[in-house]
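I have placed the structure first, in the form of structure tokens, so that the comments after it can refer back to it.
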Amino acid sequence: MLLTLLACIPKSTPPADTPSTQRIRVATYNASLFGDTPTDVLDRLQDGSDTQGERVAGVVDAAGADILILQELDHDEDGALLAAFNALLAEPYPYTWHAPSNTGVPTGRDLDHDGATDGPGDAQGYGTHPGQYAFAVLSRYPLDQDSLRTWQTLLWQDMPDARLPSDGDAPWYSEEDLALLRLSSKNHVDVPVTVGSTTLHLLSAHPTPPVFDGDEDRNGLRNADEIRLLAEIIEGADWLRDDQGGSGGLSEDDAFVVFGDMNADPVDGDSVDGAIQQLLEHPRVHADTATGALVPSSDGAVAADSRPDDQGDPAHDTAGWGQRVDYVLPSADLDPVASGVWWPEGDRSIEGSDHRLVWVDLEL
């Protein structure tokens with residue numbers, strides 16, 4: 001199985017004729033390592049019954065990413081699950097950080113209008129327990145955790161021109177709902193990492209799926225505004241206030257990479273029109289990896305294409321249901337030189353998730 005995995009992804013190696021450059025691989029992977037209870041996944045990893053965890057670890061080993069955002073890994077306060085997963089890897093990452101998440105955090109409000117106030121749809125982000133579906137950063141390079149920023153508690157109503165849903169002529173959410181409803185369904189983070197003489201800002205989020213709602217499209221609208229929040233951070237919007245008390249977003253000369261499962265395809269699916277284009281067409285995002293010659297792709301996705309009526313190029317799909325929803329988007333001032341989607345042809349036994357790992361190689 002390992003040989004099959006290793007054959008799927010070319011390794012990132014520095015070009016021999018340019019010793020002054022450094023080539024690194026950055027990647028995102030929605031691993032679907034979540035459970036119904038806070039300790040479910042950790043228990044499975046520790047008792048050896050979790051073959052999915054082993055498959056996910058095999059994909060990560062094969063990819064050889066220097067910096068990886070691992071999504072849908074349940075969060076716990078002491079970091080035991082992240083440590084247990086890292087220990088499964090052939091070469092554990094020396095630097096890690098597990099982002100706290102809004103998923104499963106109760107609000108006491110009937111946000112989904114089902115007559116109850118304690119369901120997963122009533123949490124700050126959909127989830128059966130706090131921290132479900134969280135994400136983590138794993139890196140071969142030092143993370144500047146003293147300078148990291150999060151926008152976990154930013155209220156949705158505090159975004160200028162927020163796309164707040166309506167139930168006919170009435171607002172879907174009451175004033176009491178909006179006074180506590182956060183925009184981010186998981187978290188929005190900026191984690192600086194030092195690679196040689198370069199500081200990269202790792203921007204990551206996991207917007208809510210734009211489905212599982214009604215005509216009010218509350219999830220679709222929130223998905224679009226969660227993506228917009230990333231664009232506002234890139235632009236350094238002056239209205240932004242982070243959880244650490246800082247204002248604004250990135251500086252105009254900050255190099256960055258946007259990572260994550262955005263739950264939005266450029267042309268297909270149920271997301272709000274133009275949702276992901278807020279990033280793909282952003283002038284500070286590198287056009288080659290967003291819409292050009294270096295959009296991550298795979299032959300495996302083409303072979304597995306089950307949606308022939310979709311308008312998008314199946315080679316760019318990153319999810320098993322046939323859409324491009326996972327992204328690695330470097331800033332325009334960086335130099336991407338290769339990219340891809342880990343999607344083996346034929347042997348489904350080595351798949352760890354219904355998503356595929358997406359990678360981009362950068363020369364710094």
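- The aromatic rings of W172 and H113 sit parallel to each other, their planes meeting at less than 30°, with 60° as the upper class boundary.
- Residues S184 and R222 share a closest heavy-atom pair of O-NH2, 3.5 Å.
- A salt bridge links R109 with D177: the closest approach of a Lys/Arg side-chain nitrogen to an acidic carboxylate oxygen falls below 4.0 angstrom.
- At distances below 3.5 Å, not a single donor-acceptor pair connects side-chain atoms of N187 with backbone N or O atoms of A99.
- Using a distance-only test at 3.5 Å, with no hydrogens or angles considered, a donor-acceptor pair links the side chain of H129 to the main chain of G35.
- The backbone N or O of A301 lies less than 3.5 Å from a partner atom in the side chain of S298, making a donor-acceptor pair.
- A distance-only check finds a donor-acceptor pair linking the side chain of T318 to the backbone of V325 [under 3.5 Å].
- A salt bridge is defined here as a Lys NZ or Arg NE, NH1 or NH2 lying under 4.0 Å from an Asp or Glu carboxylate O, and R149 with D242 meets this definition.
- Remark: the Q152 side chain and the T150 side chain contain no N/O donor-acceptor pair separated by less than 3.5 Å.
- Remark: the backbone N or O of D326 is not paired with any side-chain donor or acceptor of D261 at under 3.5 angstrom.
- The existence of a salt bridge linking R163 and D225 is confirmed by a sub-4.0 Å separation between a basic side-chain nitrogen and an acidic carboxylate oxygen.
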D361 vs R23, salt bridge (charged side-chain N to carboxylate O under 4.0 Å, His left out): CA-CA, chis, key distance, verdict: CA-CA 7 Å; D361 286 352; R23 185 160 171 167; 3.3 Å; yes
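- In this structure, H355 has its ring center at least 6.0 angstrom away from the ring center of W342.
- For the pair R356 and Y29, the NZ or CZ position fails the cation-pi test of under 6.0 Å to the six-membered ring centre and within 45 degrees of the ring normal.
- No side-chain donor from either of S271 and N263 sits under 3.5 Å from a side-chain acceptor of the other.
- If you check the side chains of Q124 and S185, you find no donor sitting under 3.5 Å from an acceptor.
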